[in-house]
Structures are given as structure tokens and as C-alpha cells.
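Report on the following structure.
A note on names: the letters A, B, ... follow the listed sequences, proteins ahead of strands, and every chain is numbered from 1.
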Amino acid sequence: MNLKRTAVAAAVLSAVVLSGCSSTTGSEGSDAAACTPADGKVELSFTSWIPGIEDAVDVWNKANPDIQVAVQTGPNGNSGTYQNFFNQLKAGNAPDLGQIEYDALPNFRVQNGLMDLGACEDVMASKDKFVDWTWGQVSLGESDSVYAIPQDSGPMAMFYRADLFEQNGIAIPTTWDEYKEAAKKVRATGSYITNFSQGDINQFAGFVWQAGGSWFQNDGTDWTVDLTDDASKKVADYWQELIDEDLVSTVPAWTTEWDNAYNTGAAWTWNSAVWGANSIASGAPDTAGKWSVAQAPQWKSGDKAAGNWGGSSTAVFTGSEHPYEAAKFALWLNTSEEALTMLNESANIYPATKDGLNLPILKQGVEFYGNQPIYDVFADASAEVAEDFAWGPTMTQTYNDVSDGFKSAVSGDGTLFDALKKGQSATVDALKAQSIPVKE
Amino acid sequence: MSAILSSPANGSPDSNQASDAAPTSRIRRGGRGQAGGGHGHQGPAGSDTTRARGPRESPLSRAGALIVMLVFTLYFLIPIWWLFIASTKSAPQFGNTPALWFADFNLFENIGQLIAYRDGVYLKWMLNSVLYAGLGALLGTLFAAMCGYALAKYRFPGRDAIFNVVLGGVLVPATALALPLFLIFSQVGLTNTFWSVFLPSLVSPFGVYLTRIFAASSVPDELLEASRLDGAGEIRTFFTISVRLMFPALVTVFLFQFVAIWNNFFLPLIMLRDETLFPVTLGLYAWNSQVNQIPELRLYVLVGAFLSIIPLVITFLLLQRFWRSGLGAGSVK
């Protein structure tokens with residue numbers, strides 16, 4: 001895998017160089033394109049990586065003979081599909097529609113890869129259907145523009161071993177202070193309250209999001225990078241203490257070792273996104289029925305704030321000849337109950353619409369969680385995610401730099417906050433290197 | 001998982017080097033004309049007599065050599081063993097049973113599930129891989145053989161310049177060419193087609209190099225002259241005489257090319273969007289990229305990776321006979 005990763009990284013690098021040159025020339029993508037229906041039959045191409053999405057597309061194709069969508073699936077975004085999008089945009093043969101995660105949208109935006117759907121009345125009229133913060137993720141802070149249709153979301157909550165907390169008489173923590181106290185008691189039993197995953201910077205970003213931070217801002221021309229704001233410092237210092245006092249384990253996430261920690265009860269909680277429900281169920285099969293889900297611990301008692309981890313959107317690429325039809329399809333795919341139910345069944349896609357959070361399929365109790373209707377917790381969390389967290393245009397680089405620092409911090413070399421400081425300066429340098437205007 | 005997916009890719013450069021040594025040693029022997037094309041001595045017989053005549057190794061160095069070989073054998077086989085064991089387990093058992101020994105034997109159920117998943121797209125990927133690698137290696141070998149033969153046996157202006165350019169091509173990694181190829185194929189509208197992966201696979205600079213060296217030493221000029229005198233055309237001479245003399249080298253080129261195309265991951269990744277055109281490596285990679293969020297896929301990736309090495313193993317077992325006689329041909333005389 002290393003070889004491949006290097007290869008992918010090399011390609012990413014080369015595309016950055018290529019597109020860095022081209023970003024100054026083509027600007028047609030940034031203007032709001034006319035959004036008018038075409039005459040006659042329209043054929044659209046759509047690239048996604050959700051297994052089973054073709055079933056939902058089939059439903060659309062049957063109902064809309066004049067707008068036929070051909071969907072193609074491949075590896076997920078960061079595993080090559082984004083790179084392909086950039087290559088295809090450069091070669092002028094990008095699909096009409098593509099799946100893009102929220103944290104990658106600014107990158108496509110600064111390369112003029114995204115069609116502004118602000119001129120599409122249907123799209124703007126649908127704004128209120130979506131959970132407020134998801135709209136912020138796709139409008140990139142601009143009021144009259146929107147660059148993609150929100151598809152799914154990853155509101156965060158706390159998965160915990162209800163049985164172990166009860167047997168040991170430890171109260172379920174509702175604040176981060178209580179979480180730390182509970183961590184000490186859990187440690188006294190020989191286990192860890194959770195695992196701080198060194199490589200998974202997205203989880204940390206979710207914590208910062210919950211604490212009210214925002215790593216990036218864009219005022220229309222200039223970018224501001226703020227990986228070291230007060231919220232980020234608070235979160236970094238908090239986890240640094242837990243690591244220093246040996247209250248959390250630090251095995252790399254998504255490994256067998258990590259699964260095993262949960263499966264054997266060596267780790268008791270996981271602060272994760274809604275899609276994590278399946279990760280536990282498959283990684284820790286011996287613990288079926290023993291887990292529950294609660295609201296994420298808060299920084300202040302009585303607060304209601306949640307972070308978000310993951311989520312993607314459906315974007316229309318610059319160069320599409322049929323933005324009207326493409327937007328119409330993207331809206332249907334991400335708002336209709338039928339499509340959302342199918343996507344949830346085939347790939348655990350958790351909707352980004354307000355109505356979608358109340359799909360019948362999301363109201364049922366889940367057997368692995370002792371029949372708790374866990375998605376109610378996430379529906380509440382979704383409403384509590386702050387609206388103004390924004391991503392930067394070079395997230396791959398930012399993630400790499402920060403997670404390198406996290407890995408050193410976990411092994412005792414420097415602190416988490418040092419890693420953020422390093423990520424901050426590296427990100428500013430990266431933006432400058434791509435001639436993206438940045439405030440310091 | 002990662003070890004398996006990358007090990008064949010790592011393997012081919014290694015074996016490149018290993019077999020590089022053989023042709024070069026042949027050149028040093030200066031085998032022009034009289035090489036005799038590997039008909040005289042058989043490999044094993046030859047080495048037996050050598051050993052009887054040569055100095056005897058001490059038991060200690062034999063044991064040392066055996067231990068080194070044993071360690072390397074284990075090093076290469078353990079990942080495959082792990083993969084085999086993992087493919088026999090049910091999904092829940094994967095994480096909580098010993099990684100290198102059996103739990104319940106579910107291999108056939110797992111294969112059934114894999115094949116049923118998404119209307120058998122896995123079988124389609126395997127078929128694609130066989131087509132890309134099988135046809136690509138066959139035609140690629142033919143072209144390389146013609147090219148190498150021409151460079152070795154015909155005198156024409158620019159011959160050395162062409163050969164040097166081809167040699168330079170050996171040094172350019174295929175990965176570096178993928179993006180330019182994509183842009184070129186985009187211009188002619190061939191991306192996301194069978195041809196976008198197949199056509200670049202036909203080119204094998206290393207094959208040209210190897211066949212040229214081999215043709216120079218194993219196809220005697222006298223034989224060609226004789227066939228010309230007998231009235232055979234150049235093309236007939238090539239296919240009826242030269243190809244047979246070069247056969248061991250062609251098998252080597254075919255194997256290299258087959259493995260290289262089978263494991264070529266980056267070019268399909270860049271070129272293809274349509275899942276039904278994917279080779280098996282790319283398909284498994286696509287699934288593997290989503291294991292975090294769709295954990296069911298892990299089982300399919302494991303079983304799929306295990307099944308995908310079987311055609312490679314079969315090809316090697318069938319062809320290694322030729323390969324060995326090819327590399328050993330004429331080396332003990």
C-alpha cells in the first residue's frame with residue numbers, strides 16, 4: 001500500500017503544480033452560469049464512490065426519461081477520485097456531477113472546478129430543506145452562491161460501553177471535565193476510556209468544530225488560516241493532558257489492534273460520527289448489545305454543541321453543459337425520501353436534510369446498541385453543529401502536516417499544540433506557494 | 001492487506017534485477033554466433049556435474065545458505081498465508097481470532113458472497129485483468145520480440161540511437177507516464193475505455209532490451225543466411241526460426257509483462273471511471289478505500305485479494321519451466 005500511497009501522493013503533487021499554473025487563466029467557472037433547461041433529452045455523467053448508488057440513480061432514470069444519468073463509482077475521494085477530477089477538469093472531460101467531501105470543496109473552488117449553482121432557482125429555493133450548517137459547507141461563506149448540494153453529514157456523539165460504566169459505578173460523563181474524571185476511574189480498572197487516534201486529524205477537527213473554532217476563513221478574496229485559535233488550543237491542551245497522564249491509549253485508528261481494544265473492552269468510549277455506529281458493530285462483534293450512544297461531552301455544563309466528522313456533497317463541475325438538469329438531479333438524490341432511504345440502506349449515508357433526519361429507517365432501534373434508537377441522538381447533534389466552521393483549499397497538506405506532528409506528540413516529542421502551530425505555518429506556506437491570497 | 005496488495009508490485013522490480021544479471025553475463029562471454037541457443041545442456045544435469053567437479057562446500061555454509069533461504073521463504077509466504085487464513089474467516093472472526101491460524105472455515109461461503117456482491121462485479125474485474133494482462137502481454141511480447149530482433153540482426157542507420165532511446169525508456173517509471181498519457185488520451189477521446197489501459201500496456205522497453213540481447217546471442221547469423229538462401233522471406237524466417245530460438249527469452253518477457261500489467265494500478269486509476277472496466281487491482285483498491293465507513297467491504301477485499309493472486313501463481317507455475325531453461329541456457333558450457 002505504501003507504494004501506492006506514494007504514487008497517489010506524487011500525482012497529487014504534480015496536479016497541484018499543474019493546476020497551480022492553470023488557476024490564474026481560466027475564470028469562467030467562478031461566474032454564476034446561466035441555469036436554464038435544455039431542449040430535449042439530456043444525458044449526464046456522475047462519479048461517486050457510494051456502493052449501491054446506481055440503484056437510486058435507476059429510480060431517477062425510470063422517472064425522468066428526459067434526464068438520463070450514468071453513474072460511475074470508484075475509489076473514495078482522497079484515494080484517487082479527486083485527483084481524477086482535477087485531471088479531467090484540466091483535460092476538459094470531467095463528468096457533469098461528482099461527489100466531493102465538504103473539506104475538499106474549497107480546493108476545487110480555488111481551482112475554478114465548481115459550477116456556481118446560485119443562479120439555479122430550484123437550488124436556492126431548497127436552502128431551507130438542508131440542515132443549516134451543511135449549507136454553510138457548500139456555499140463556502142458566500143451568500144448568493146452555492147457550489148454543491150449537501151449529501152450526507154457526520155454529526156458526532158459519544159459511543160460508550162453502557163454495561164461497563166454501570167458495573168463500575170461510573171457516571172456517564174456529560175462534560176469534558178467529567179470525561180477526564182471518568183477517564184481516571186476507568187484507568188483504575190485497567191482499561192482506557194478511549195483511544196486518541198494520532199493519525200485521524202478529522203476527528204480532532206470535529207472536536208475543534210464542537211469547541212467553536214474554525215480553521216479557515218475566506219472573506220471573498222483572502223484566506224485566513226487559524227489552526228491555533230483559542231478553541232483549537234483548548235482542545236489540544238485537553239487531549240495532551242489525557243495523553244500525558246496515560247488516560248487514553250494511542251493505537252493507530254482503523255487497525256486490527258484498535259478494533260481489538262474495543263472488542264475486548266480495553267477502550268470504553270468513542271467520540272465519533274454517526275457512521276461510526278457500523279465501525280464498532282463490525283470491529284467489535286463480541287460486544288453486541290452493550291453499547292449506547294449519548295450526546296457528546298460539552299465544554300460547559302448545559303451547553304448543546306456538537307462537532308461534525310465527514311460528510312460529502314454532490315457538485316456540478318465547470319464545463320457541464322447542463323447545470324439545470326444536473327442540479328435538479330442532485331437535489332432529488334439528496335432530498336427525496338426514496339433516494340435517501342436507499343442510500344442509507346446500501347451505504348449508511350446519513351442525510352443532510354432536516355426531513356431526512358426523520359426518515360422512518362432512522363427511527364428504529366438498533367440491535368447492536370441494545371435497541372436504542374441511536375439516530376435520534378445524532379439528529380439532535382446535527383442541529384447543534386456550528387455553522388461557521390470552514391475548510392481550506394489545501395486540506396490534504398494541512399492534514400498531513402498536523403497528523404505528522406500528532407504522531408510525534410503521541411510518542412512524547414512535542415505537544416499536540418506544537419503540531420497545530422507547525423500545521424499553521426506549513427499551510428500558510430502552501431497557500432502562498434499556490435499563489436492563493438492569504439492573510440497572516 | 002497492504003502487504004499483499006503491494007508485494008507483487010514490489011516483486012517485479014526485484015525479479016527484473018535478478019534476471020538482468022543473466023543476459024549481461026551472457027554478453028561478457030561474448031556469445032556471438034556460436035552460442036548454440038540452449039539446446040545442448042539441460043540445466044540440472046549441467047549443475048550436477050559442476051558440483052561433482054568443483055570444490056565441496058562445507059556443511060556449515062550449506063546450513064547457512066539454507067537458513068537464509070528459509071527466512072526469505074517465510075518472509076514471502078507469511079503474508080500470503082495470512083491472506084489465505086483471513087479469507088477463510090467469517091467477518092466477526094477476522095478481528096478476534098489468531099491472525100495466522102484457522103477459525104471456522106468459511107472460505108466457500110465468503111467466495112459465494114463476494115461473487116454475489118453487486119451482481120458479480122468482481123468476476124468482471126478478474127476477466128478484465130485477464131484480458132488486459134493476457135492479451136497485453138502476448139501482443140507486447142510479440143512487438144518486443146520483433147523490435148529486439150530487428151535491432152539485433154539488421155544493420156541500419158540510427159540503430160544504436162534507437163536502442164539507446166529504448167534503454168532510456170527502461171528507466172522511466174510507468175507511474176510518471178500515466179498523467180501525460182491521460183492528457184493525450186483525453187485529446188483523442190479514448191479515456192475511460194478498454195483501449196486506454198490496453199494500448200499503453202503493449203509497450204515494454206525492457207522486453208525490447210532483453211530480446212535484443214537474446215537474439216544477438218542465440219540466433220546465429222549463419223542460420224538466417226541459410227534460410228534466406230533457401231528462399232524464406234524475412235517475416236517467415238522470423239516466425240519459423242528466430243522466434244523458436246528466442247522462445248525462452250520470450251517467455252521471460254511475457255511473464256514480466258503479464259505481471260507488470262496485472263499489477264499496474266496507477267494507469268487504470270487515472271484512466272478509468274467506469275467500474276465495469278476496472279482491473280481487479282483497482283476494483284479491490286476502490287473497495288478498500290471505503291472499509292472504514294462500510295466495514296462489510298473488508299471481507300470482500302480480503303477474499304478478492306486472495307483469489308486475485310491465483311491466476312498469477314498459475315501463470316508462473318506453467319511457464320517457469322521455460323523461464324528456467326531460458327536463463328540457464330548456455331550458461332554452463
Side-chain angles (χ1 to χ4, degrees), chain A residues 1-8 10-11 14-15 18 45 47 49-52 54 70-81 83-84 87-88 90-93 95 154 200 253-254 256-257 259-260 262-264 273 275-276 278-286 288 310 346-349, chain B residues 1-7 9-10 90-96 99 117-119 121 173-176 178-180 182-187 189 191-192 263 265-266 268-278 281-299:
Chain A
M1 192 65 66
N2 267 338
L3 198 93
K4 278 162 197 165
R5 207 173 272 171
T6 319
V8 173
S14 62
L18 286 173
S45 53
T47 299
W49 55 85
I50 299 172
E54 59 273 8
V71 65
Q72 293 165 331
T73 55
N76 76 16
N78 285 316
S79 303
T81 296
Q83 189 47 49
N84 286 350
N87 293 345
Q88 290 154 2
K90 181 162 177 54
N93 56 4
D200 231 323
W254 317 112
T256 318
E257 189 186 6
D259 277 343
N260 216 36
Y262 283 104
N263 199 31
T264 57
W275 43 263
N278 280 55
S279 309
I280 302 184
S282 79
D286 296 350
S346 68
N348 315 317
I349 293 296
Chain B
M1 179 70 249
S2 58
I4 298 307
L5 274 181
S6 64
S7 68
N10 289 341
S90 67
Q93 283 172 339
F94 171 70
N96 59 6
Y117 184 64
R118 297 184 57 144
D119 305 328
V121 72
T175 310
L179 191 58
F182 172 79
L183 295 174
I184 293 170
F185 275 75
S186 294
Q187 301 246 321
T191 58
N192 198 27
N263 287 325
F265 158 81
F266 200 63
L269 173 72
I270 284 192
M271 289 288 187
L272 302 177
R273 266 194 254 158
D274 184 350
E275 194 180 47
T276 57
L277 291 172
F278 284 6
T281 42
L282 179 56
L284 290 176
Y285 174 79
W287 281 353
N288 194 44
S289 72
Q290 296 181 77
V291 161
N292 289 354
Q293 296 189 12
I294 305 161
E296 306 87 279
L297 288 175
R298 179 181 284 141
L299 180 74

Nearest 0.5 Å, please: how far is CG in Asn76(A) from OH in Tyr285(B)?
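Answer rounded to 0.5 Å: 7.5 Å.
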
Please round to the nearest 0.5 Å and tell me the distance separating atom CD of Gln83(A) and atom CZ of Phe266(B).
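Between atom CD of Gln83(A) and atom CZ of Phe266(B) there are 7.0 Å.
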
Contacts of Asp259(A) that satisfy salt bridge (Lys or Arg N to Asp or Glu O under 4.0 Å) - sequence neighbours left out
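In terms of salt bridge (Lys or Arg N to Asp or Glu O under 4.0 Å), with neighbours along the sequence ignored, Asp259(A) is linked to Arg298(B).
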
Contact class of Arg273(B) relative to chain A, heavy atoms under 4.5 angstrom
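Arg273(B) touches chain A through backbone and side-chain heavy atoms alike.
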
Proximity breakdown for Phe278(B) and chain A, heavy-atom pairs closer than 4.5 Å:
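The side chain, not the backbone.
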
Structural part of [X] lying under 4.5 Å from a heavy atom of chain B:
{"X": "Pro285(A)", "value": "side chain"}
{"X": "Thr73(A)", "value": "both"}
{"X": "Thr81(A)", "value": "neither"}
{"X": "Glu54(A)", "value": "side chain"}

Of all the heavy-atom pairs spanning [X] and [Y], show the shortest one and how long it is.
{"X": "Ser79(A)", "Y": "Leu269(B)", "value": "O-CD1, 4.1 Å"}
{"X": "Ser282(A)", "Y": "Pro295(B)", "value": "OG-CB, 2.7 Å"}
{"X": "Gly52(A)", "Y": "Arg118(B)", "value": "N-NH1, 3.4 Å"}

Who among Thr256(A), Asp286(A), Asn348(A), Val71(A) has the most heavy-atom pairs with chain B under 4.5 Å?
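Most pairs with chain B among the choices: Asp286(A).
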
Run Trp49(A) and Ile294(B) through side-chain contact (heavy atoms from CB on, under 4.5 Å) and show every step you take.
CA-CA 11 Å; Trp49(A) 55 85; Ile294(B) 305 161; over 6 Å; no

Flag the pair Asn93(A) / Phe185(B) as yes when at least one side-chain heavy-atom distance between them is below 4.5 Å, and no otherwise.
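Side-chain contact under 4.5 Å: no.
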
What residues form a side chain to side chain contact (heavy atoms under 4.5 Å, CB included) with Asp274(B), not counting sequence neighbours?
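Asp274(B) satisfies side chain to side chain contact (heavy atoms under 4.5 Å, CB included) with Gln72(A), Asn192(B), Thr276(B), Leu277(B) only.
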
